[in-house]
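Here is the structure we will look at, set down as structure tokens.
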Amino acid sequence: MNLSNLKTTVPAKLYKRGLDYFEQDFVEQLTEDAPNRWHALVAGTRDYEVSVNLTKDGTIVGSYCTCPFESDSLCKHEVAVCLAIREYKEENGSTAVDVLTQLKTLKKAELLEILEELVEKQPSVQLYLTEKFSDSSDMNEEKARRIIRKSVSRASRSGFIDWDRPDQALEGVLEVLEYMDGLDSQQDAEKIIRLSLIIIKECTEILGIADSSSGDISSVIYESLEKVDDALAQWPEDLDRATVDRMLNLLYPHILFGLEQDMTDAPSSLLESVLQWNESSDFTDKFYDFIEKVIGSKEMQNKSFDYEEERFRRCQLRVLQQQGDKEAVEAFYVKHHHYSEIRKAQTLQALVAGEFEKVIRLCEESEGLDANLPGLLQDWKELRFAAYEGMGSTAEMIDLSFEFALQGEGKYYVKLKSLVDVEQWSEKLELLLAEMKTSPRSLPLYLEILIDEKRLEELLDYCRSNVSAIEYLYPHLLADYPHEVNEIYTTYIYRLIERASNRKAYWTACQRIKDFQQALGAEAAAGLIEELKFMYPKRIALLDELGKIESK
């Protein structure tokens with residue numbers, strides 16, 4: 001295919017569409033990056049990048065477009081760019097100037113003159129050269145911010161970063177991260193923290209204008225949060241109040257920004273990281289007041305839900321617990337009792353202390369408060385079970401483990417079986433299975449129990465009612481019920497074929513016949529295939545798929 005014969009070598013519909021794009025001037029930024037290697041942007045419903053490689057005579061030896069079109073032909077965007085290249089060559093003569101070759105022939109003084117002219121007339125060139133020649137060891141927050149924003153600007157189209165451009169948008173971020181990798185984790189701890197905070201903030205803003213389905217942007221944010229955590233953990237100096245104040249003042253606006261944007265867990269992650277410092281030194285008052293300041297901010301108060309505030313209250317409690325002031329901790333429990341996380345912390349503390357009756361009281365109270373939250377309700381009941389275990393209250397443990405088993409919790413079925421006396425187990429099991437039989441949530445455990453207890457007749461009854469289950473349950477039934485397994489499996493396959501209306505569905509049904517053959521043998525499978533041929537003589541696609549099984 002050559003630039004001169006596009007109309008005769010590209011499908012007519014694609015050529016017409018490409019011609020329309022070309023004539024409407026949708027081809028932008030056409031450049032020859034290297035001899036006969038062209039690049040352009042094509043506007044449309046969105047912007048697409050196109051690359052075209054040519055030979056000297058205009059033969060197209062390679063092309064690429066970022067659009068999703070898949071064909072052996074050029075897409076409409078590639079056609080438009082090829083037409084633009086052809087026009088450029090016609091207007092500028094067949095021997096277009098090879099800029100790189102010409103530059104290599106110039107003397108040093110002539111190159112300097114051209115470069116000085118470019119710097120004077122093109123501010124972007126001056127900025128590029130400034131960054132190119134600057135000392136990489138002189139990276140600061142402003143420079144990092146500028147580098148990041150520059151790559152974001154290059155990647156954005158009309159203020160948005162498409163799904164295929166996050167890598168390009170993150171080029172500046174990766175440059176800053178690469179610089180940080182060369183820093184000393186202790187001596188340069190504060191610099192690492194400051195640059196990481198810049199990355200977190202800039203990437204949070206990128207999330208707001210990007211299709212971030214790949215998760216790359218979020219990954220960079222969490223990598224930077226880890227760097228902050230590591231730097232604080234390896235802080236090289238003895239901590240004093242001035243250092244703590246400086247770091248809290250540094251983190252404060254970034255925490256508020258994260259709260260306002262509400263896109264990541266950065267606010268709570270940053271707070272939890274700096275709280276490491278309270279483990280080695282006592283700055284309880286500073287950290288407690290700092291958290292109170294964050295909670296009182298308008299960014300926190302503007303939130304519709306209080307889960308974020310609950311996490312920060314949990315951090316306050318952690319600070320008080322580290323201080324070891326039991327009265328202050330108890331007062332905190334009372335003041336913030338409406339938060340489930342605070343009640344849970346109080347309950348766990350009582351459980352560790354062996355205060356089992358207190359645990360039961362707190363759990364029962366919380367079960368009432370959180371009755372409409374199934375996940376929390378389960379947590380409270382499990383904590384109550386742990387208290388009963390500590391007290392040796394067998395009857396209460398049996399009741400709860402029975403309830404949990406009905407919800408499909410296998411570990412509590414094991415506990416139930418160990419708690420019930422052997423002579424009473426049969427009666428308890430009958431009661432459990434009768435209730436599980438009608439509970440979809442407990443179905444996997446129900447089948448597991450039938451297998452474990454060798455209740456094969458009930459397992460067979462289940463397969464009769466749910467014929468597709470025979471696929472994975474037949475190994476447990478085949479030895480004792482070969483005829484019934486054959487019958488149920490055959491019924492299952494017949495139902496698949498009855499509902500089938502295309503080759504794909506017939507192929508799927510025939511895969512099940514292969515499984516049937518493995519389970520019941522070649523002779524049984526051959527008999528089934530003959531029956532199906534007799535029953536459906538006019539279903540050509542089915543007969544074809546059945547024939548493929550027979551030929552193997």
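Since the structure is predicted, the reported quantities are computational estimates derived from the model, not experimental observations.
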Can you confirm whether more than 12 heavy atoms, excluding those of [X], are under 6.0 Å from its [atom1] atom?
{"X": "Arg441", "atom1": "CZ", "value": "no"}
{"X": "Gln234", "atom1": "CD", "value": "yes"}
{"X": "Tyr472", "atom1": "OH", "value": "yes"}
{"X": "Trp425", "atom1": "CH2", "value": "yes"}
{"X": "Glu365", "atom1": "CD", "value": "yes"}
{"X": "Lys504", "atom1": "NZ", "value": "no"}
{"X": "His338", "atom1": "NE2", "value": "yes"}
{"X": "Glu427", "atom1": "CD", "value": "no"}

Looking at [atom1] of [X] and [atom2] of [Y], how far apart are the two atoms once the value is rounded to the nearest 0.5 Å?
{"X": "Gln424", "Y": "Leu419", "atom1": "CD", "atom2": "CG", "result": "12.0 Å"}
{"X": "Met300", "Y": "Ile291", "atom1": "CE", "atom2": "CD1", "result": "10.0 Å"}
{"X": "Leu528", "Y": "Asn486", "atom1": "CG", "atom2": "CG", "result": "8.0 Å"}
{"X": "Ile295", "Y": "Cys315", "atom1": "CD1", "atom2": "SG", "result": "8.5 Å"}
{"X": "Ser418", "Y": "Tyr413", "atom1": "OG", "atom2": "OH", "result": "11.0 Å"}
{"X": "Tyr536", "Y": "Glu531", "atom1": "OH", "atom2": "CD", "result": "10.5 Å"}

Should [X] and [Y] count as side-chain neighbours, where that means a heavy-atom distance under 4.5 Å?
{"X": "Phe516", "Y": "Tyr492", "answer": "no"}
{"X": "Ile199", "Y": "Ile148", "answer": "yes"}
{"X": "Leu460", "Y": "Arg464", "answer": "yes"}
{"X": "Thr264", "Y": "Ser218", "answer": "no"}
{"X": "Glu530", "Y": "Lys533", "answer": "yes"}
{"X": "Glu457", "Y": "Tyr481", "answer": "yes"}
{"X": "Arg495", "Y": "Arg499", "answer": "yes"}
{"X": "Lys344", "Y": "Trp380", "answer": "yes"}

With no hydrogens and no angle check, just 3.5 Å: does a side-chain donor-acceptor pair link [X] and [Y]?
{"X": "Ser465", "Y": "Asp461", "result": "no"}
{"X": "Ser442", "Y": "Glu435", "result": "no"}
{"X": "Gln261", "Y": "Thr204", "result": "no"}
{"X": "Gln316", "Y": "Arg313", "result": "yes"}
{"X": "Glu309", "Y": "Tyr339", "result": "yes"}

_Trace of the side chain to side chain contact (heavy atoms under 4.5 Å, CB included) decision for Leu259 with Asn302_ = CA-CA 9 Å; Leu259 289 172; Asn302 286 341; over 6 Å; no
*Is there a salt bridge (Lys or Arg N to Asp or Glu O under 4.0 Å) between Arg512 and Asp515 once you walk through the steps?*
CA-CA 5 Å; Arg512 304 291 77 79; Asp515 297 336; 3.2 Å; yes
*From CA spacing to verdict: salt bridge (Lys or Arg N to Asp or Glu O under 4.0 Å), Lys548, Glu545*: CA-CA 5 Å; Lys548 292 177 183 178; Glu545 292 298 329; 3.2 Å; yes
*Does the side chain to side chain contact (heavy atoms under 4.5 Å, CB included) test come out yes or no for Arg384 and Glu396, once each step is laid out?*
CA-CA 9 Å; Arg384 183 154 57 90; Glu396 287 79 2; over 6 Å; no
Donor-acceptor pair, side chain of [X] and main chain of [Y], under 3.5 angstrom:
{"X": "Gln378", "Y": "Gly375", "value": "no"}
{"X": "Ser268", "Y": "Asp265", "value": "yes"}
{"X": "Arg539", "Y": "Ile497", "value": "yes"}
{"X": "Gln168", "Y": "Ser151", "value": "no"}
{"X": "Thr66", "Y": "Glu49", "value": "yes"}
{"X": "Asp211", "Y": "Asp162", "value": "no"}

*side chain to side chain contact (heavy atoms under 4.5 Å, CB included) between Arg343 and Leu369: does it pass, once the steps are laid out?*
CA-CA 11 Å; Arg343 279 183 272 119; Leu369 292 171; 3.8 Å; yes
Should the ring pair [X] and [Y] be called parallel, tilted or perpendicular, given that the plane angle runs from 0 to 90° and is split at 30 and 60?
{"X": "Phe332", "Y": "His336", "answer": "tilted"}
{"X": "Tyr412", "Y": "Phe404", "answer": "tilted"}
{"X": "Tyr446", "Y": "Tyr462", "answer": "perpendicular"}

_Among residues at least two apart in sequence or on other chains, which ones pass salt bridge (charged side-chain N to carboxylate O under 4.0 Å, His left out) with Glu364?_
none
*Does Phe402 have Lys428 sitting over its ring (NZ/CZ under 6.0 Å from centre, angle to axis within 45°)?*
yes
*Test salt bridge (Lys or Arg N to Asp or Glu O under 4.0 Å) on Glu458 and Lys437 and set out the steps.*
CA-CA 10 Å; Glu458 291 167 78; Lys437 196 173 184 178; 5.9 Å; no
*Can Glu453 and Lys417 be said to form a salt bridge (Lys or Arg N to Asp or Glu O under 4.0 Å), step by step?*
CA-CA 12 Å; Glu453 297 287 341; Lys417 191 172 181 179; 3.1 Å; yes
*Is the shortest side-chain N to carboxylate O distance from Lys201 to Glu205 below 4.0 Å?*
yes
*Can Tyr307 and Arg311 be said to form a side-chain hydrogen bond (donor to acceptor under 3.5 Å, both in side chains), step by step?*
CA-CA 6 Å; Tyr307 67 87; Arg311 292 180 70 175; over 6 Å; no
*Passes side chain to side chain contact (heavy atoms under 4.5 Å, CB included), Met436 versus Leu445? Steps please.*
CA-CA 9 Å; Met436 293 181 82; Leu445 181 59; 3.7 Å; yes
